[in-house]
There are 2 protein chains.
Amino acid sequence: MYSYQHPHPAVSIDCAIFGLDEGELKVLLIERKHEPFKGRWALPGGFVEMDEDIDEAARRELEEETGVRKVFLEQVGAFGAPGRDPRERVITIAHLAIVNLHDHKVRAASDASEASWFPAAKPPALAFDHRKILEASLAKLRDKASREPLFVEFLPKRFTLTQLQHFYEVVLGEALDKRNFRKKIMSYGAIKELEAFEVGKAPRSARLHRFDSKAWTVLKKAGRSFAI
Amino acid sequence: MYSYQHPHPAVSIDCAIFGLDEGELKVLLIERKHEPFKGRWALPGGFVEMDEDIDEAARRELEEETGVRKVFLEQVGAFGAPGRDPRERVITIAHLAIVNLHDHKVRAASDASEASWFPAAKPPALAFDHRKILEASLAKLRDKASREPLFVEFLPKRFTLTQLQHFYEVVLGEALDKRNFRKKIMSYGAIKELEAFEVGKAPRSARLHRFDSKAWTVLKKAGRSFAI
DNA sequence: CCAAAAGTGTTAGAGATACACCCATGG
DNA sequence: CCATGGGTGTATCTCTAACACTTTTGG
């Protein structure tokens, strides 16, 4: 089955990096400086080194791009249509990453001439097949967010239930009933009320909450899901 | 971001080919004739050619291996730990395939010294990281089967409700209540009763059904899922 | 004082679960 | 005639969905 005569394409990784900004789902794009697709926006990425695992490569690129180390990162899938890169055969392995825009100031975000955040739902024209890759990443994000507590990756450690509800509304793309939402999300027993309140925001300041990941681990083992 | 100096690993595809046999979920394995892992069982696979898309390569390998053309085939993901192939760096893109053992006589199945079907839940020792790949493929299969009518890929065109229930019990790994199962599965409106009955089987022969894919397309567009 | 967001319960209906017996037939 | 798998209905309970007003406070 294996022989020593076989093709050796280039293999890259690309990252769809998502963040929540002002109640909108954003994706981080970089502006290409060179041909092909010079001047076009693209998902950040790079080549996989010979001695590194695929997700190591993704993590490395992610850190180079955003300066952030500990982030949620997951493989989306391989895209390898011949001709997707006009220079040579490049198979890319798409990844989905989430950064918390509240805790970290993302390096690239300040460097706006080269990298900036765009609405994930309506991105500008993208290089290569990155439009397709972005769509697939978004689909995966929605799927995962509706069954696992992915919001911990997007929100600050202490958050209000309104922030949480906005997260679900943005990701799922539908409006949710406030009372039903609170009832359900609290019923899982993995979100704890804090004694602290938000400062200097709305007319009335909202109670802060945190996600109790230990409680969640226990509940998950007992077969609980986290569907909204 | 792209340069012309970058690594070129080998890229292969591997297929976890599933089938339902005597009410058991089976996976097709081949016996390796050469080193490394000579004599070990492995998932069938091969290298991606320079001018073919990834899923084309998977489809080609699948046909070479099983003689079957039209099958359900979907990407599971890329596996690329350095050293997973002792000879050189090989990144593999795992695929999940389903063949219907009733309609097709799979070519490799008769050629038992080289390829045969094993229980998917307890496979023999496998070459490379194929154990991990098989686990991931099984997980994906379970996930998909519990929300989409995947059974059409496993069962003959005309099937009994008992066969259908067995399918779900095998894939989901839990016993289901007969009455509740029938109520629910029929409530989707995508399974039609036929006037025909099974021949020469059980004491009492069971009514045959078929999946109405046109009706399902309509229902799906209306937002229906197919969860059990 | 008022605009704006926070917070809070109840009810009706849909869907899920639990459960047991008779029927038809081949051997 | 009996062992075997085929087929059927109901009651209860849980979960979901719909729905509106009071509270607080910064400007």
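Just so it is clear: chains get the letters A, B, ... in the order the sequence lines come, proteins before strands, and each one is counted from 1. As a basis for the values below, the full set of heavy atoms in this structure was taken, side chains included, without hydrogen atoms, waters or symmetry mates.
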Problem set entry | Ring centers of B:F211, B:F151 separated by less than 6.0 Å | yes
Exercise. Does OP1 or OP2 of C:dA5 have a side-chain N or O of A:T162 closer than 4.0 Å?
Worked result: no
For this session: Quick one: pull up OG1 in A:T66 and CZ in A:R69 and give me the separation to the nearest 0.5 Å.
Result: 10.5 Å
For this session: Provide, to the nearest angstrom, the distance between the CD1 atom belonging to B:I191 and the C1' atom belonging to D:dG7.
Result: 16 Å
Exercise. Does any donor-acceptor pair link the side chain of B:K178 with the base of D:dG7 at a separation under 3.5 Å?
Worked result: yes
Problem set entry | Rounded interatomic separation in angstrom, taking CG from A:L176 and C1' from D:dA18 | 14 Å
Problem set entry | Name of the residue among A:I30, A:V27, A:L28 meeting side-chain contact (heavy atoms from CB on, under 4.5 Å) with A:L43 | A:V27
Exercise. Can a donor-acceptor pair under 3.5 Å be found between the side-chain atoms of B:R204 and the base atoms of D:dA3?
Worked result: no
Problem set entry | Closest nucleotide among D:dT25, C:dG7, C:dA16 to the B:K184 side chain | C:dA16
Problem set entry | Whole-Å distance separating the CG atom of B:N180 from the P atom of D:dT10 | 14 Å
For this session: Determine, step by step, whether A:W216 and A:F226 satisfy the ring-ring contact (aromatic ring centres under 6.0 Å, His included) criterion, reporting the C-alpha distance in whole Å, the side-chain angles of both residues, the deciding distance to 0.1 Å, and the verdict.
Result: CA-CA 9 Å; A:W216 173 238; A:F226 210 102; 5.1 Å; yes
Exercise. Could one point to a donor on the side chain of A:K183 or the base of C:dT8 with an acceptor on the other under 3.5 Å away?
Worked result: no
For this session: Using whole Å, report how far CZ of B:R179 lies from P of C:dA20.
Result: 8 Å
For this session: Take atom CZ of B:R182 and atom P of C:dA16, then tell me their distance rounded to the nearest Å.
Result: 18 Å
Exercise. In whole Å, what is the span from the CZ atom of B:R207 to the P atom of C:dA24?
Worked result: 13 Å
For this session: Report the distance from atom NE2 of B:H166 to atom P of D:dG5, rounded to the nearest whole Å.
Result: 9 Å
For this session: Would you mind reading off the distance between A:D177 atom CG and D:dC15 atom P, rounded to a whole angstrom?
Result: 18 Å
